[in-house]
Amino acid sequence: MHSVDSTLSEAARMATDAAGPIWIMAEVQTAARGRRGRPWVMPEGNFAATLLLPVSGAAGDAALRSFVASLALREALVAATGRSDDFSLKWPNDVLLRGGKLAGILLESTGQGPQLRHLAIGIGVNLATAPAVADVEAGAVRPVSLKGELGTTITPEDFLDLLAAAYARFEDQFSTYGFAPIRAAWMSHAARLGEVITARTTRDETTGTFVEVDGAGNLVLDTSKGRVTIAAADVYF
Ligand SMILES: O=C(O)CCCC[C@@H]1SC[C@@H]2NC(=O)N[C@@H]21
């Protein structure tokens, strides 16, 4: 579609029992949202899409699809550019290009209580233009674009073809073998593994050595007070 408030909102409107899996892509979003209620600044020419996916089972398991989506997104970017070493993954679900933020993922769900019906996986990639530093949160990783860093030009339509194919492969692996191979692949591309990082929530801040992502997708840090497991936070380098 050309213009929509947010492809995530469109997915929520479409989430009837029979719906999905379906990719919803827009050239323009007038009210795009990012993690933690932040707006997502999206200059035209960038990629914005949401995968509406029917799911069953516990919310925690379904949320592991943010790692599935991150890996698929990285693979699509490698396919688009032929560069593998330039892309890394930042917990929980950003893709970095040469250390700058290239792409973000936001998961939303529909359903009752712990049982989910649909997952909406919203993905934004700065294909053409990075938002201005002033438009992103202070202290956040510097925003970059694919064109700006590598000179690669790809249309959102062509990028969706690569991403949908990559997502289907990783989803297949996840539903067949579970989280273990996804976790291993994710860690092999993790940014700052073994280094000191800071995880911040609205309540507190934890600094420590990034040890691993555990079997439930949590961030594990070794701190001066011992090992800490973090389920949700923003990470700062
Ligand atoms: O904060 C983040 O890093 C996540 C950004 C997610 C942006 C995408 S763009 C497509 C989809 N629609 C939205 O409104 N947000 C997501």
Side-chain angles (χ1 to χ4, degrees), residues 1-15 20-53 63 65-74 76-77 87-97 99-110 118-146 154-157 159-160 162-164 166-167 186 190-191 199-202 217 219 232-237:
M1 60 184 61
H2 177 64
S3 177
V4 71
D5 49 355
S6 153
T7 57
L8 279 164
S9 303
E10 183 66 12
R13 290 188 286 266
M14 287 172 67
I22 182 173
W23 282 94
I24 302 155
M25 193 179 84
E27 285 157 40
V28 176
Q29 294 183 111
T30 54
R33 50 186 180 264
R35 277 163 43 79
R36 305 196 168 267
R38 293 183 200 117
W40 177 254
V41 179
M42 189 204 151
E44 212 165 330
N46 285 354
F47 178 83
T50 290
L51 172 62
L52 177 62
L53 192 68
R65 285 198 176 72
S66 76
F67 297 93
V68 177
S70 305
L71 281 174
L73 187 48
R74 187 187 169 282
L77 289 161
F87 298 101
S88 60
L89 303 175
K90 175 173 176 278
W91 187 88
N93 44 27
D94 289 345
V95 179
L96 306 183
L97 167 56
K101 176 158 170 162
L102 176 67
I105 298 173
L106 181 60
L107 253 66
E108 294 181 352
S109 57
T110 65
H118 284 92
L119 206 57
I121 306 173
I123 300 179
V125 187
N126 303 328
L127 290 183
T129 315
V133 174
D135 284 339
V136 301
E137 185 211 5
V141 171
R142 116 195 118 93
V144 297
S145 74
L146 198 66
I154 182 166
T155 63
E157 289 78 10
F159 188 73
L160 179 59
L162 296 174
L163 178 60
Y167 187 87
W186 192 94
R200 207 172 283 158
T201 67
T202 44
L219 179 70
D234 278 326
V235 165
Y236 296 84
F237 296 152

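Residue numbers start at 1 and run along the sequence shown. Just follow the structure's listing: the first ligand is 1, and inside any ligand the first atom is 1.
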*Nearest non-hydrogen atom to atom 6 (C) of ligand 1 belongs to which of R35, K101, R33?*
R33

_Which option wins on minimum heavy-atom distance to atom 13 (C) of ligand 1: S6, G34, A103, A26?_
S6

*atom 11 (C) of ligand 1 - nearest protein heavy atom and its distance*: T7 OG1, 3.3 Å

*What part of A49, side chain from CB on, backbone N/CA/C/O, both or neither, has a heavy atom under 4.0 Å from ligand 1?*
backbone

*Taking all non-hydrogen atoms of both residues into account, name the closest pair between P156 and N46 and its distance.*
CG-O, 3.7 Å

*Can you check side chain to side chain contact (heavy atoms under 4.5 Å, CB included) on T30 and S3, steps first, answer last?*
CA-CA 7 Å; T30 54; S3 177; 4.0 Å; yes

*Output, in order, the C-alpha distance, side-chain angles, deciding distance and verdict of side chain to side chain contact (heavy atoms under 4.5 Å, CB included) for M25 and L163.*
CA-CA 12 Å; M25 193 179 84; L163 178 60; over 6 Å; no

*Does the side chain of T202 pick up a donor-acceptor pair with the side chain of R36 at under 3.5 Å?*
no

*Check each atom of ligand 1 against the heavy atoms of A32 and keep those under 4.0 Å away; list them by number with element.*
14 (O)

_Full working for side chain to side chain contact (heavy atoms under 4.5 Å, CB included) between V125 and L77_ = CA-CA 10 Å; V125 187; L77 289 161; 4.2 Å; yes

*Nearest non-hydrogen partners of A166 and A76, listed with the distance*: CB-N, 4.4 Å

*Which atoms of ligand 1 have any heavy atom of I105 under 4.0 Å away?*
4 (C)

*Among protein heavy atoms, which lies nearest atom 9 (S) of ligand 1, and at what distance?*
Q29 NE2, 3.4 Å

*May I ask you to identify, for N93, whether its side chain, its backbone, both or neither come under 4.0 Å of ligand 1 on a heavy-atom basis?*
neither

*Shortest protein heavy-atom distance from atom 5 (C) of ligand 1, along with the residue and atom involved*: W40 CE3, 3.4 Å

*Testing L73, I123, L51 for side chain to side chain contact (heavy atoms under 4.5 Å, CB included) with Y167, which one passes?*
L51

*asked:* Can you name the atoms of ligand 1, numbered from 1 with element, that are less than 4.0 Å from a heavy atom of D94?
replied: 3 (O)

